[in-house]
Asks: 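Take a look at the following structure, please.
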Protein chains: 2
Amino acid sequence: MARAGLTPQRLTQAGAELADEVGFEQVTVSALARHFDVKVASLYSHVKNSHDLKTRIALLALEEMADCAAEALAGRSGKDALTAFANVYRDYARAHPGRYAAAQLRLDPETAAASAGVRHAQMTRAILRGYDLAESEQTHAVRLLGGTFHGYVSLELSGGFDHSAPPAAVSWTRIVDALDALLRNWPAAPAAPAPSAAPSAPAQNDREI
Amino acid sequence: MARAGLTPQRLTQAGAELADEVGFEQVTVSALARHFDVKVASLYSHVKNSHDLKTRIALLALEEMADCAAEALAGRSGKDALTAFANVYRDYARAHPGRYAAAQLRLDPETAAASAGVRHAQMTRAILRGYDLAESEQTHAVRLLGGTFHGYVSLELSGGFDHSAPPAAVSWTRIVDALDALLRNWPAAPAAPAPSAAPSAPAQNDREI
DNA sequence: GTAAGTTGCCTAAAACCTGTAGGCAAATGA
DNA sequence: TCATTTGCCTACAGGTTTTAGGCAACTTAC
């Protein structure tokens, strides 16, 4: 019988496309086998298991996002860079919701460390060079940007902004403006507490619900 | 034979607990049946199907989060309210990762409109009363806060901050500080573009990757 | 060109999850 | 007590995951 020409790369690519069409959750070894018109068991020579397949799709998505971001950042700095970076993030998620969901897959530490997620974080840090932040504040700012971009896009994709005005794109622009303003006027860190002093701001809510 | 005393409520509650133990993804009708030491088919008299079960867990989580937030907000305003609200959000997610994941389930519009998610959004808006924002900017600010809180917590839970200093709790505090500063110095909206003018800032990246 | 070795896809089968249909027994209530 | 409702059951059909082992199609070496 003719061979289908399966490879891990082709499976990953097809899996990514399938994810964008029907959602990352629906990407299954069976569905992929149907797509290649091949028996399910055949795929197990190319990917270890279902989780391996999903991980490969996640890594592909992270790679693509980092590539887009790198291209968008080239030659830009300051607010221009921040805006370009933010838009790449949102545009990618909207164009490729399945891959974007894949990129959110929790990777085991070694895989994550070897992924393009690291490049992404480095680029976020590079953007901050256009702002005047103390070294000790940079990680906080990186996490703020990462969290905000991811959170906003994630809420938008899940339909959270669908039924209220204004359109999500308008808020997005204003939010990037606001983050730019925030980075230019980053609040001073509070004085470090004396070593033996009680914590200055106890958690306000740590009870079990 | 003795009856197990199943009800939709008990199933939902047990499902929520199971989600916190093994992850929302792993909550299945079968697993729940095992928990009650009952045959799988028996559950289908109480919940319509697997999706119905998950939706009920999501609604429970949204309800609990809104209750916690309401309690934390009582008697507070300004930065105090912002901090309390933010901490409720993060603390709930850390204490109940499975329920938190459930709360992210995409609900159909009617279900979402009837859920406690609405209350949550109203509380966010209430917090903004402590700041001096133009009416037209409030929705943007609500979306910024929602996105940032959700995004940060989501990244933290998925382990994104595990392998870098400082601890996630430290950045969290600084980020809430920064958001407070931002809300107190919200940047002016740019002048509205003339009706027939070209868009002032074309998207920087809308190509297909 | 052909024999040997490798690779690729196959069949078969076990285990688990979802969901439907119909049945019997326990609870309820007149 | 008898009829009805309710709750959990058995049985079954269909789908996904994963392993084991087999044969045919490629590749390579002589």
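A note on names: the letters A, B, ... follow the listed sequences, proteins ahead of strands, and every chain is numbered from 1.
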Asks: If you compare every side-chain N and O of B:Arg34 against the phosphate oxygens of C:dC16 (OP1, OP2), does one of them come in below 4.0 Å?
Replies: no
Asks: Please give me every residue in residues 39-50 of chain A whose heavy atoms get under 4.0 Å of an atom in DNA chain C, ordered by residue number.
Replies: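 Heavy-atom cutoff 4.0 Å gives A:Lys39, A:Ala41, A:Ser42, A:Ser45, A:His46.
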Asks: Within the distance-only criterion (no hydrogens, no angle test), does the side chain of B:Arg119 pair as donor or acceptor with the backbone N or O of B:Ala69 below 3.5 angstrom?
Replies: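 No: the side chain of B:Arg119 does not pair with the backbone of B:Ala69.
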Asks: Can you tell me the distance, in whole Å, between the CG atom of B:Asp37 and the C1' atom of D:dC9?
Replies: 13 Å
Asks: Cut-off 3.5 Å, side chains only: do B:Thr111 and B:Asp108 have a donor facing an acceptor?
Replies: yes
Asks: Side chains of A:Arg125 and A:Thr139: is there a donor and an acceptor less than 3.5 Å apart?
Replies: yes
Asks: Indicate whether any N or O donor in one side chain lies under 3.5 Å from an N or O acceptor in the other, for A:Ser154 and B:His150.
Replies: yes
Asks: Could you state the atom-to-atom distance from CG of B:Leu32 to C1' of C:dC16 in whole Å?
Replies: 16 Å
Asks: Check step by step if salt bridge (charged side-chain N to carboxylate O under 4.0 Å, His left out) holds for A:Arg99 and A:Glu17.
Replies: CA-CA 8 Å; A:Arg99 285 151 149 106; A:Glu17 285 158 18; 5.1 Å; no
Asks: For A:Trp186 and A:Tyr131, I'd like to know if the aromatic rings sit close, meaning centre-to-centre distance below 6.0 Å.
Replies: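 No, ring centres 6.0 Å or more apart.
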Asks: Within the side chain of B:Arg10, is there an N or O that forms a donor-acceptor pair under 3.5 Å with the backbone of B:Gly5?
Replies: yes
Asks: Below 4.0 angstrom, which residues in residues 20-30 of chain B have at least one non-hydrogen atom near DNA chain C?
Replies: B:Thr28, B:Val29, B:Ser30
Asks: For B:His120 together with B:Phe85, are the ring centres under 6.0 Å from each other?
Replies: yes
Asks: Just checking, is any N or O donor in the side chain of B:Ser158 or A:Arg106 under 3.5 Å from an acceptor N or O on the other one?
Replies: no
Asks: Does the side chain of A:Tyr100 come under 3.5 Å of the side chain of A:Asp20 through a donor N or O and an acceptor N or O?
Replies: no
Asks: Whole Å only: how far is the NZ atom of A:Lys54 from the P atom of D:dT16?
Replies: 12 Å
Asks: Would you check, one step at a time, whether the test salt bridge (charged side-chain N to carboxylate O under 4.0 Å, His left out) holds for A:Glu156 with A:Arg94?
Replies: CA-CA 9 Å; A:Glu156 178 182 355; A:Arg94 287 153 46 91; 3.1 Å; yes
Asks: Could you give the CG-to-P distance, from B:Leu6 to D:dC8, as a whole number of Å?
Replies: 4 Å
Asks: Specify the angle, to 10°, made by the local axes at the two ends of the helix from C:dG1-D:dC30 to C:dA30-D:dT1 when five pairs are taken at each end.
Replies: 10°
